[in-house]
Amino acid sequence: MDNKIMEVNICHLYPDLLNAYGDLGNILTIKYRAEKRGIKVNITNISIGDDFDPDKYDIVFFGGGQDYEQEIVSEDLINTKKLALRQYIEEEKVLLAICGGYQLLGKYYTTAKGEKLPGAEILDFYTESGSTRFIGNTVIYNEELDETYVGFENHSGRTFIGNMKPIGKIVVGNGNNGEDGTEGCIYKNTYCTYFHGSLLPKNPEIADRLIRNALEKKYGEKIHLDELDDDIELKAKNFIINREKRAAVK
Ligand code: GLN
């Protein structure tokens with residue numbers, strides 16, 4: 001990639017409807033970390049009635065929200081974007097989905113009032129609301145990568161991912177469903193999680209993985225990202241891990 005300025009095109013899906021608990025921070029983190037490496041970042045907002053062109057984007061972000069907004073998004077997703085989004089995901093392009101967005105990529109989501117919202121049916125999981133909400137800070141561990149991630153969850157949905165790969169195993173909190181110890185789901189280059197708060201500022205390893213994967217897919221070659229000074233990020237993360245672990249044993 002010598003002498004060529006790399007570029008990453010981000011699509012923010014439904015930013016006007018799904019943007020709970022600071023989810024926008026994920027896009028800001030990708031932009032910040034990419035620009036620090038001299039990579040040009042373009043952000044496009046796509047919402048109700050807009051077409052989604054899978055060839056235009058390198059990273060798609062799909063945030064979380066409340067049941068009311070999810071109902072509106074579910075209908076639009078199925079009517080106008082489902083097939084193109086499936087193509088994008090199957091082509092191994094990078095997507096990050098949080099909570100409400102995560103739920104809508106699966107088979108269905110049954111809301112807290114018992115209404116069954118159809119999902120895009122791209123990923124093989126389903127979500128049903130429980131009688132309580134899972135609210136609080138969360139810590140998970142990814143054994144394969146030996147990485148620990150922190151986040152904040154607030155959802156009534158319980159997601160069951162079957163044999164799909166989770167992002168990590170629960171150390172503190174509830175994650176996918178409060179029963180099987182899993183959190184999130186990874187399929188190809190699609191990362192789904194309940195972590196708001198936002199996810200990427202506190203977990204820079206994931207942010208860089210998304211950027212690297214997106215660039216490698218786009219330019220078809222190995223990409224090296226220069227190290228950034230993540231001292232503050234890692235201090236914040238370790239502070240949360242230690243505090244939450246201590247609170248959990250009380
Ligand atoms: N409304 C969904 C639930 O409660 C998603 C919530 C969210 O995105 N925070 O499970």
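Read the numbers this way: they start at 1 and go in the same order the structure lists the ligands and their atoms.
Here the protein heavy atom with the shortest distance to atom 7 (C) of ligand 1 is C99 SG, 2.8 Å. For atom 3 (C) of ligand 1, the closest heavy atom belonging to the protein is Y109 OH, 3.3 Å. Counting only heavy atoms of the protein, atom 2 (C) of ligand 1 lies nearest to Q70 OE1, 3.1 Å.
Per-residue contacts place H155 under 4.0 angstrom from the following atoms of ligand 1 (heavy atoms of the residue considered): 3 (C), 4 (O), 10 (O). Taking every heavy atom of R133 and a limit of under 4.0 angstrom, the matching atoms of ligand 1 come to 4 (O).
Below 3.5 Å of separation, one finds no N or O of A20 facing any N or O of ligand 1. Residue G157 has at least one N or O atom closer than 3.5 Å to an N or O atom of ligand 1. Remark: ligand 1 and D67 share an N or O pair separated by less than 3.5 Å (distance only, no angle test). Of the polar atoms of Y21, none of the N or O atoms is found under 3.5 Å from an N or O of ligand 1, judged by distance alone.
Close to ligand 1: H196, with a non-hydrogen atom less than 4.0 angstrom away.
For E121 and K82, the salt-bridge test passes: some basic side-chain N is under 4.0 Å from an acidic carboxylate O. K113 and D67 are not joined by a salt bridge, as no carboxylate oxygen comes within less than 4.0 angstrom of a charged side-chain nitrogen. For the pair D226 and R37, the salt-bridge criterion is not met [side-chain N within less than 4.0 Å of a carboxylate O].
The two residues P201 and T29 have their closest heavy-atom pair at CG-OG1, 3.2 Å.
Heavy-atom proximity to atom 5 (C) of ligand 1, evaluated over G64, S156, G65, is greatest for G65.
Partner of Y194 under the side chain to side chain donor-acceptor pair (under 3.5 Å) criterion, chosen from T159, T138, N154: T159.
Of all the heavy atoms of N154, the ones lying under 4.0 Å from any atom of ligand 1 belong exclusively to the backbone.
Between the side chains of E91 and Q87, a donor-acceptor pair is found at a separation under 3.5 Å. If you check the side chains of Y108 and E128, you find a donor sitting under 3.5 Å from an acceptor.
A cation-pi arrangement is not found for K107 relative to Y126, the charged atom failing to lie both closer than 6.0 Å to the ring centre and inside a 45° cone about the ring normal.
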